[in-house]
Every structure is written in C-alpha cells, then in structure tokens.
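Data block below; observations after.
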2 protein chains.
Amino acid sequence: METNLVQHIRKFTTLDDQDVASLLRFFEPLSLKKKACLLEEGEICRYNYFVEKGCLRMYYIDDKGTEQTNQFAIENWWLADYMSFDKQTPSPFYIQAIEKSTVYGLEHSKQNQLFEEFPQMERYFLLILQRAYAASQLRMKYMHDFSKEEIYHHIAARFPEFIQRVPQYMLASYLGFTPEYLSEIRKKTS
Amino acid sequence: METNLVQHIRKFTTLDDQDVASLLRFFEPLSLKKKACLLEEGEICRYNYFVEKGCLRMYYIDDKGTEQTNQFAIENWWLADYMSFDKQTPSPFYIQAIEKSTVYGLEHSKQNQLFEEFPQMERYFLLILQRAYAASQLRMKYMHDFSKEEIYHHIAARFPEFIQRVPQYMLASYLGFTPEYLSEIRKKTS
DNA sequence: CGCGGGTTTGATGATGCTCAAGCCCGGTGG
DNA sequence: CCACCGGGCTTGAGCATCATCAAACCCGCG
C-alpha cells in the first residue's frame, strides 16, 4: 500500500520502488491520539515529523500563561522546531496532535545516515524546506498587508475545510488575535 | 584571497580548496551601487543572492502605494523570493541594494548544474534554508510575543550596528509599524 | 445530571494608525 | 560656496482597531 509519505518522496525525487521501500526504515511511524504530545518546552526537538494523517500544531506558552499557536501541519506537511532540531538545543515550543493522527518521525542522527545512503534525500529536504520557507515569506507578507479581520477572511476563503478542523482559540492565536475578537468577526459576517 | 562566500561554503561543507575554487564559476559576482535594483515586481526571481558586502532588502508596494520591507540581508546571508525562485513564477517583491554592495548571484538553472557536479552543495543549501526557516519561525514568535514597542527595543538591543545602517522608514515597515510610531518610540526612550 | 472546556457578549480602554504640517539636513545646480 | 530643493524624520490631534476582563452560555463527556 502507498502511504502519503511514499508518494510524497516519489513526487520530489526519482528514487525507485526498491529504494523508497528501503529508506522507510529510517522513519519511525507513530500513532497518536488527540492531544498527544510530541515535544515539550525545554526538550530538544529530536525529530522532524511528517503528517501522514491528522493534524499537528506547534505552540508555546507566553508570559501570561496562554497558548500561542505558531504553526499547523496537516497531511503531507513536515513539522519541527528547526532551530532546536538543527542545533540540538532546548526548544521553547510544544508540538501536539490536535486530532487522532499518524505521523512519521525522522530522528536527527538518522537523517544524516539517510543522506549518506540516499543522497537524493538531501534534494528532497532541500525542496521541502524551500517550500516551507517560501510559505513563511508569503505569510509574513499577508500579516503586514491585511488587517486582522481581512486575514481571517482570507484564510477562511482559502481553507474552508481547515477552519472546521481546528478549535477557534487555536486558530485565533495562529492568526495573531484573541478568541473574543475572532468570535466577533464571525458574528459580523454570518 | 578568501571571500566571505568561500569561507561560508567551507564552514558548512568539507569541500577542499580546489573544489571551492572550481565551483565559483557557477556564481555571478555583481557590484551594486546604492539603490540598485535586482528584482522588480512582476519579474521572475531568477537568482538566489549571497551578500558578500553591503546590505540588500526585499520589499513590496502595498495597495496604498507604500513600500513594505519584508527582509534585510547583510553580509553572509542569502536572499531570494523562494516561491518565485522555486516555481519560476512572477514575484510580488522588489529586491534592492540599500548600500554600495557586492553580491553573488546563483541562477536557478545553474543551481541544478552545481548540484550535479558538487553534491555537497545540496547539503550546503539545505543547511542555509534550515537556518533561514528557523530564523523565520523565531521571528514569528517574537511578533506574537512582544508589543511593537518591545519588538523595537529587542532588535535595537541585539543589533545596534544594524539600526544605524538602515533608514528608519524601512526599519519601521520591517518591524510592522509606521515611521511616525517608530519616531515616537525613539523619542520616548532617548 | 453536572462538570468543565470552549465560545459568546458587552463595556472599557490602550495601542498604534492616519493625516497634515513643519523641520532638519544632505545633495545638487547655479 | 551658497541657495534651494526634496526626501526623510518629527510632532500632535483625533480616531480605528483590537485587547482586556468578567460574566453568561453552550454542549459534549464522564
């Protein structure tokens, strides 16, 4: 059977069936129930996670004690605190499943072994990171361009199914405002 | 003579003198005077730029006609609109030298040739992108965490020399506020 | 049924923007 | 070498956006 991960690797490389089957041993499959935690503040982010099914989020706790969601990752996205992952230093973030999910974890040291055995995978992650960074550059642009209300409508229009999946208080902090204000916006436009 | 670019490549790879000397032919050195433009809105971002000396910025023009600076790049940083660079589609951004600068441009198609001849360079750019993305993740965190005033002080404390180098109206839009407000903050704390 | 997490509501107020005007200063041409 | 010009920085008044806080409400789950 073809997992999303396999298809994804295929899409960005020219590795053949046998190679892909073989390199899967570097990844650790994980079944997570809702609210399961993959990384906690103060820990080192040892894994880079691929979402096979479900949804992860990265968040942190601000000085007032409220959760601030930084990033979501749905099917076919990779997620990690790359600062912590790169330097293997403690992370300020939490990573958590917000639905029943299955993910693949690639451990930091295994990544290097993977690259030695399958050099094409360097290209794969290069492209993944380029896309992630590009998305981030664009997101920054939107944050400047639009008022908070416009940002919400923009997201709601582009990812309607996604809006349904995540609790509003997570979405609010991701978009950079309070749950109360999000509630107001929704009322205004319904 | 050892350019910053050569040193930088050395730092992230194990390529020897001869290799590095040889791979330089893939890069195009450019001398730019102040305000020279490397990319304009609507063009395709064909190059990934390394700042050898000086300072670049990426910006766009918002619907009210004012420039919004997205990113700066000083010595030893790479800069490109990676969405446009990756997909070779028109960019919404401008890239401009804000000082007399020397940069190296790596053309999109040459990048692939470079990777074929020097596979280690894939690792190099993987690491560059990982760092850039990590910095971006952290920047997002700061934007949420701090008030605009705090953001300014944070930057001013960490990069005092940088504050001097760039005009305030560029810095203001980079930090996400108006020149007027930046002026007010500066007065308050002087 | 009751508990508790999440959402809504509304009053109040701070943060940070807009607009318009004046000022400072460095560059350019006479 | 001086005068002028203009881009950028400052100032201040008025205002919009959005946060804060406290309370009520809703609804799924034990």
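Just so it is clear: chains get the letters A, B, ... in the order the sequence lines come, proteins before strands, and each one is counted from 1. Reckoned from all heavy atoms, side chains included, excluding hydrogens, waters and symmetry mates.
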Select one nucleotide: of D:dG12, D:dG8, D:dC18, the one nearest the side-chain heavy atoms of B:Glu180. D:dG12
Output the single nucleotide from D:dG8, D:dC18, C:dG6 whose closest atom is nearest the side chain of A:Tyr169. C:dG6
Check for me whether A:Arg139 meets the cation-pi criterion with A:Tyr174, that is, NZ or CZ under 6.0 Å from the six-membered ring centre and within 45 degrees of the ring axis. yes
Whole angstrom value for the distance that separates C1' of D:dA16 from NZ of A:Lys148: 14 Å
B:Lys34 NZ - C:dG26 P separation (whole Å): 12 Å
Ignoring backbone atoms, test whether A:Lys64 places a side-chain nitrogen or oxygen under 4.0 Å from the OP1 or OP2 oxygen of D:dC21. no
Write down the distance between CD (A:Glu67) and C1' (C:dG5), rounded to a whole number of angstrom. 12 Å
Using whole Å, what does the distance between atom P of nucleotide D:dC9 and atom CZ of B:Phe177 come to? 13 Å
I'd like to check B:Asp81 versus B:Met58 (side-chain heavy atoms, cut-off strictly below 4.5 Å). Are they in contact? yes
Between OH of B:Tyr152 and C1' of C:dG16 the distance, given in whole Å, is 16 Å
Between B:Glu75 and B:Arg165, does any side-chain N to carboxylate O distance fall below 4.0 Å? yes
Options C:dC17, C:dT9, D:dG8, nucleotide nearest the side-chain atoms of B:Thr178: C:dC17
Which part of the nucleic acid does B:Glu184 contact within heavy-atom distance under 4.0 Å: base, sugar-phosphate only, or nothing? nothing
Under a 4.0 Å threshold between the charged nitrogen and the carboxylate oxygen, would B:Glu99 count as salt-bridged to B:Lys35? no
Looking only at side-chain N and O atoms, does A:Tyr181 come under 4.0 Å of OP1 or OP2 in D:dC18? yes
Separation of C:dT15 P from B:Phe146 CZ (nearest whole Å): 16 Å
Rounded to the Å, how far apart are B:Glu150 CD and C:dT15 C1'? 12 Å
Can you tell me how far C1' of D:dT10 sits from CG of B:Leu182, to the nearest Å? 11 Å
Over all heavy atoms of both residues, which pair between B:Phe50 and B:His8 is shortest? Give the atoms and the distance, please. CE1-ND1, 3.9 Å
